[in-house]
2 protein chains.
Amino acid sequence: MDGKPYIARRPKRADGRRNYDAILAAARKAFESAGADASLEDIASQAGVAIGTLYRHFPTRASLVEAATRDGLENLVAHAERLAAGPDPLDALVAWMREAVVHFSTFRGLVGILAQSMYDEGTPSHTMCSAMHRSGADLLRAAQAAGRVRHDLTPDELFDLLSGAAWVREQATPDRDGSSRFLELMLEGITTRD
Amino acid sequence: MDGKPYIARRPKRADGRRNYDAILAAARKAFESAGADASLEDIASQAGVAIGTLYRHFPTRASLVEAATRDGLENLVAHAERLAAGPDPLDALVAWMREAVVHFSTFRGLVGILAQSMYDEGTPSHTMCSAMHRSGADLLRAAQAAGRVRHDLTPDELFDLLSGAAWVREQATPDRDGSSRFLELMLEGITTRD
DNA sequence: TGACATCCTGAGGACGCCTCAGCTTAAATC
DNA sequence: GATTTAAGCTGAGGCGTCCTCAGGATGTCA
């Protein structure tokens with residue numbers, strides 16, 4: 001829509017870096033406990049910083065979410081590469097999917113943002129999402145090449161399933177978490193018959 | 001948490017009924033175009049009514065959503081009964097599931113509210129959700145009794161799958177709606193092997 | 001035609017978003 | 001160390017939304 005997305009960069013000056021880090025730490029904590037729509041003014045004050053400073057470093061909520069979740073997604077991508085080197089392509093895919101669902105539901109509201117970013121280039125998280133998309137697609141292709149997963153499943157469809165599972169996990173209460181069962185059933189629908 | 005949920009009732013006085021209906025109509029339109037978090041002040045003004053009047057009839061957003069979606073859920077329950085009378089229990093279940101997913105994603109944010117209401121008694125939509133839960137459970141049981149659906153699938157798990165599908169549909173853009181494929185794959189995971 | 005319960009109104013406090021003009025300060029240069 | 005300057009910080013304030021409540025209006029019933 002309006003050019004390239006804003007990706008927050010660690011600033012140059014010492015005080016800038018300090019505040020940047022403090023805001024990020026506060027944001028992680030706040031998102032975890034209040035979800036992706038946590039109050040930005042709370043986050044700023046938790047970080048010991050004025051609201052304007054928060055906006056200086058993270059001009060949009062999406063850019064803050066992106067910065068707060070970048071590490072996790074990077075890990076996910078890195079892990080995919082390690083898994084791809086393993087012996088069993090299906091095991092690799094399944095292990096990765098489990099991990100992905102957990103990451104996607106780090107806090108309430110994250111899946112929605114990621115799902116949006118996946119196909120919207122004007123979004124801070126789009127870059128990481130694309131990288132992740134590639135990782136998943138590679139693992140999927142390998143499993144399909146080994147004849148372990150149905151060939152008509154596309155990467156987009158895989159991500160729809162993962163997002164759905166993550167969303168269910170997001171909704172889970174302490175006494176009810178249907179996400180692992182969700183994944184199990186999903187795998188039944190995806191893997192080829194013996 | 002705090003006693004029984006507030007279910008909006010059609011008021012006694014003529015002006016009250018008029019406003020109640022106008023608000024409901026405006027709310028349906030607003031939810032459809034702006035999602036479940038549409039501005040209540042907008043809805044009131046669209047209905048030609050002061051904000052206080054909206055709150056008089058619908059003291060909470062959840063109660064307004066409940067009233068706006070009651071019909072749809074009632075239909076869903078009624079349809080389940082009709083389907084249950086049909087010859088093929090699996091066909092009945094599948095048809096109902098398709099319909100349920102569509103209803104759950106009537107507007108953005110609805111699935112989340114319904115998923116919440118399903119297991120939280122202190123919620124306006126809980127009553128209808130429970131009725132729907134029973135409907136689905138009946139259809140599921142019948143399909144299982146006929147040996148067409150795996151026996152270890154619980155109603156709760158079925159609703160997790162339906163909610164996941166509905167959520168994916170909610171996220172869909174005009175050019176990308178993965179929900180029908182989602183349902184297809186889901187059915188693969190659920191039905192028994194031939 | 002009262003009398004009264006029901007209903008309506010909209011100002012106002014609380015909160016969150018986001019901007020911007022003015023001020024402070026780190027750090028590079030001399 | 002003094003000077004310069006760009007980077008960074010602040011927080012008041014405008015705006016939108018939520019929700020309440022005191023006071024006023026009106027449908028309804030006898």
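Each chain gets a letter, A, B and so on, in the order the sequences are listed, and its residues count up from 1. Note that the structure is a prediction, hence the values are computed from the model and not measured.
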Given salt bridge (charged side-chain N to carboxylate O under 4.0 Å, His left out), test D15(A) with R18(A) step by step and report yes or no. CA-CA 5 Å; D15(A) 53 349; R18(A) 237 188 347 261; 5.4 Å; no
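For F104(B), the ring-ring contact (aromatic ring centres under 6.0 Å, His included) test picks out no residue, with sequence neighbours left out. Here Y55(A) pairs with nothing under the ring-ring contact (aromatic ring centres under 6.0 Å, His included) rule; sequence neighbours left out. Evaluation of the side chain to side chain donor-acceptor pair (under 3.5 Å) rule for S179(A) yields D177(A) as partners, not counting sequence neighbours.
Between I43(B) atom CD1 and dG16(D) atom P the separation is 17 Å, expressed in whole Å. Taking atom CZ on R9(A) and atom C1' on dA7(D), their separation rounds to 17 Å, with Å as the unit. Distance CD (E41(A)) to P (dT19(C)): 13 Å, rounded to an integer number of Å. As a whole-Å value, the separation of F58(B) CZ from dC7(C) P is 12 Å. Taking atom CG of residue D37(A) and atom C1' of nucleotide dC18(C), one finds them 17 Å apart after rounding to whole Å.
Contacts of A38(B) with the nucleic acid, taken as non-hydrogen atoms under 4.0 Å apart, involve only primed sugar atoms and P, OP1 or OP2. P11(B) comes within contact range of the sugar-phosphate backbone alone, with a heavy-atom separation under 4.0 Å but no base atom that close.
In this model, the phosphate group of dC17(C) is approached by a side-chain N or O of S39(A) to a distance below 4.0 Å at OP1 or OP2.
Taking the six-membered ring for Trp, Y6(A) and F58(A) have ring centres at least 6.0 Å apart.
Counting heavy atoms from C-beta on, the side chains of R181(B) and D160(A) never come closer than 4.5 Å. The side-chain heavy atoms of M186(B) and F182(A), taken from C-beta on, include no pair separated by under 4.5 Å.
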Sequence neighbours left out, cut at 3.5 Å: what donor-acceptor pairs do the side chains of residues 67-87 of chain A make with other protein atoms?
{"residue": "T69(A)", "atom": "OG1", "partner": "V65(A)", "partner atom": "O", "Å": "2.8"}
{"residue": "T69(A)", "atom": "OG1", "partner": "E66(A)", "partner atom": "O", "Å": "3.4"}
{"residue": "R70(A)", "atom": "NE", "partner": "E66(A)", "partner atom": "OE1", "Å": "3.4"}
{"residue": "R70(A)", "atom": "NE", "partner": "E66(A)", "partner atom": "OE2", "Å": "3.1"}
{"residue": "R70(A)", "atom": "NH2", "partner": "A8(A)", "partner atom": "O", "Å": "3.4"}
{"residue": "R70(A)", "atom": "NH2", "partner": "E66(A)", "partner atom": "OE1", "Å": "2.9"}
{"residue": "H79(A)", "atom": "ND1", "partner": "E99(A)", "partner atom": "OE1", "Å": "2.2"}
{"residue": "H79(A)", "atom": "ND1", "partner": "E99(A)", "partner atom": "OE2", "Å": "3.1"}

Pairwise N/O distances under 3.5 Å, protein to nucleotides 26-30 of chain C:
{"residue": "dA26(C)", "atom": "O4'", "partner": "R13(A)", "partner atom": "NE", "Å": "3.3"}
{"residue": "dA27(C)", "atom": "OP1", "partner": "A14(A)", "partner atom": "N", "Å": "3.1"}

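Of all the residues in residues 46-57 of chain B, V49(B), A50(B), I51(B), G52(B), T53(B), R56(B), H57(B) reach under 4.0 Å from DNA chain C with at least one non-hydrogen atom.
A chain of hydrophobic side-chain contacts below 4.5 Å, direct or via other Ile, Leu, Val, Met, Phe, Trp or Tyr residues, connects L187(A) to L139(A).
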